[in-house]
Amino acid sequence: MELNIYQVDAFTESTFGGNPAGVVPDARNLTDVDMQNIAREMNLSETAFIEELDKENFKVRFFTPRCEVDLCGHATIASFYLLAQKQYIMPIDNGIRKLYQETKAGRLSVEIYYKNCQVDKVLMEQGEPKSLGRIESIKPILESFRIGEEDLGIGEKFIYPEIISTGLPDIILPIKNKDILYNLSVDFEKLEKVSKKLNVIGVHAFYLPNDDSDVVYTRNFAPAVGINEEAATGTSNGALIYYLKKNGLLEKDEIISIQGETMNRPSAIYCSIENINNKYIVKVGGKSKIVMEAIVNV
């Protein structure tokens, strides 16, 4: 069986920037074993497998080289950019086309923004944000990153890390200084053990210049699912903006996460949060670039 497969760099307009994802736009006839084998062969952090249910609904599954995960932000952005760019989805001239993806994290909306008949960007709704608890026993995390308690917080204020989920649980870790963030020396073996013990995907570390900043600088580490570091992460940045908002650390309702600079794959992830009837709606997204197109024989 011949299968179209693509590599799409998400959260960037430039080739070899952002976070690469594999995308299989028609996975109807694939078994779970096929999907896992293809993801392993692609050897990217995630590969997305898509099945069209109807013109507005798509079933999407996500596989790392090691296992299936419930949701992946950058692979979602890559997938729907690819579907729109290759016209698996009927284009419009200008405006927003709203679709839905059925994932193991739930049914989530995706918005494709068109400008002059071209795909401008893609935004995805995250799962309902949830705090799964503040981490007060921080010693194992500090040891994993080889930092001290004095390195945590925003400005001069110490702030505890917290487990937040918008589909996947991550430890949100505030780092006081950008230089410290960018020069972290990670013990991945220890971090994997900590992540598994706390039942999280990984750690999303960040530096926020101030509470009215337009940008936040981030790094993401998930050795427990086979990803030591990732250049752009949608779900983690969705969790981050909720963490900032709920803890009174962000004045605005939007922020851009700058991620991947330490990997020479700079990414810009647009994050927004809205409170509707005491329910937070979180969206993340950005631009993408198709960099490879191939046919795989399964």
Side-chain angles (χ1 to χ4, degrees), residues 11-12 16-20 43-46 64-67 69 72-74 132-164 168-210 213 215-237 239-240 243-244 247 249 255-269:
F11 301 118
T12 182
F16 310 129
N19 196 359
N43 199 31
L44 299 168
S45 58
E46 277 89 7
T64 77
R66 184 185 293 186
C67 62
V69 293
C72 176
H74 85 275
L132 303 178
R134 192 171 79 171
I135 299 176
E136 303 200 22
S137 300
I138 60 175
K139 184 178 178 181
I141 296 174
L142 298 177
E143 290 178 345
S144 298
F145 287 97
R146 300 185 175 101
I147 56 176
E149 186 173 322
E150 68 276 5
D151 297 319
L152 297 188
I154 296 177
E156 297 303 313
K157 185 179 180 181
F158 174 83
I159 300 170
Y160 280 98
E162 190 172 345
I163 300 174
I164 303 288
L168 298 174
D170 273 301
I171 298 169
I172 307 300
L173 183 69
I175 303 292
K176 283 185 177 179
N177 183 287
K178 185 180 177 183
D179 287 338
I180 296 171
L181 176 67
Y182 275 27
N183 289 285
L184 289 172
S185 175
V186 187
D187 185 325
F188 290 108
E189 186 175 339
K190 283 186 179 179
L191 182 57
E192 181 172 355
K193 290 178 181 177
V194 170
S195 299
K196 288 180 177 178
K197 183 177 180 180
L198 294 174
N199 197 28
V200 299
I201 296 296
V203 173
H204 198 58
F206 74 92
Y207 162 68
L208 181 70
N210 50 66
S213 179
V215 298
V216 58
Y217 299 91
T218 60
R219 295 181 70 183
N220 188 271
F221 309 94
V225 293
I227 308 167
N228 280 351
E229 184 169 2
E230 201 159 17
T233 45
T235 52
S236 301
N237 282 295
L240 172 60
Y243 172 90
L244 294 174
N247 289 305
L249 303 170
I255 200 163
I256 297 175
S257 171
I258 305 300
Q259 191 175 332
E261 289 190 329
T262 58
M263 304 174 69
N264 293 317
R265 296 193 69 95
S267 307
I269 302 102

Answer whether the closest heavy-atom distance between the side chains of [X] and [Y] falls below 4.5 Å.
X: Leu208; Y: Ile255; answer: yes
X: Val215; Y: Ile256; answer: yes
X: Ile164; Y: His204; answer: no
X: Pro161; Y: Ile172; answer: no
X: Ile138; Y: Glu149; answer: yes
X: Leu173; Y: Phe145; answer: yes
X: Ile175; Y: Leu152; answer: yes
X: Phe206; Y: Pro174; answer: yes

So, does Asn177 use its side chain to make a donor-acceptor pair with the main chain of Asp179 at under 3.5 Å?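 Yes.
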Quick check against the 3.5 Å criterion: does Asn228 have a side-chain atom that pairs as donor or acceptor with the backbone of Pro223?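 Checked: no pair found.
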For the [atom1] atom of [X] and the [atom2] atom of [Y], what is their distance to the nearest 0.5 Å?
X: Asn43; Y: Thr64; atom1: CG; atom2: OG1; value: 10.0 Å
X: Ile258; Y: Lys178; atom1: CD1; atom2: NZ; value: 9.0 Å
X: His74; Y: Ile269; atom1: NE2; atom2: CD1; value: 10.5 Å

Determine the minimum heavy-atom distance between [X] and [Y], stating which atoms define it.
X: Ser45; Y: Pro65; value: O-CD, 3.7 Å
X: Ala222; Y: Ile201; value: CB-O, 3.5 Å
X: Ala232; Y: Phe11; value: CB-CD1, 3.3 Å
X: Asn247; Y: Glu162; value: ND2-OE1, 3.4 Å
X: Ile147; Y: Asp151; value: CB-OD2, 3.4 Å

Report, one line per pair, each donor and acceptor closer than 3.5 Å where one atom sits in a side chain of residues 188-198; sequence neighbours left out.
residue	atom	partner	partner atom	Å
Glu192	OE2	Lys196	NZ	3.0
Ser195	OG	Leu191	O	2.9

With side-chain contact (heavy atoms from CB on, under 4.5 Å) as the criterion, how do Arg146 and Asp187 come out once you've worked through the C-alpha distance, each side chain's angles and the decisive distance to 0.1 Å? CA-CA 8 Å; Arg146 300 185 175 101; Asp187 185 325; 3.8 Å; yes
So with a 6.0 Å cut-off around CG of Asn199, is the heavy-atom count from everything else above 12?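 No, because the 6.0 Å sphere around CG of Asn199 holds 12 heavy atoms or fewer from other groups.
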Please name all residues satisfying ring pair (Phe, Tyr, Trp, His ring centres under 6.0 Å) with Phe158, sequence neighbours left out, ordered by chain then number. Tyr160
Report the C-alpha distance between Val200 and Leu132 in whole Å, list the side-chain angles of each, state the deciding distance to 0.1 Å, and finish with yes or no for side-chain contact (heavy atoms from CB on, under 4.5 Å). CA-CA 10 Å; Val200 299; Leu132 303 178; over 6 Å; no
Can you pull the side chain to side chain donor-acceptor pair (under 3.5 Å) pairs that have at least one residue in residues 257-268, sequence neighbours excluded?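 Qualifying pairs: Asp9-Arg265, Tyr182-Glu261, Thr218-Ser257, Thr218-Gln259, Arg219-Thr262, Glu229-Thr262, Thr233-Gln259, Asn237-Ser257, Asn237-Gln259.
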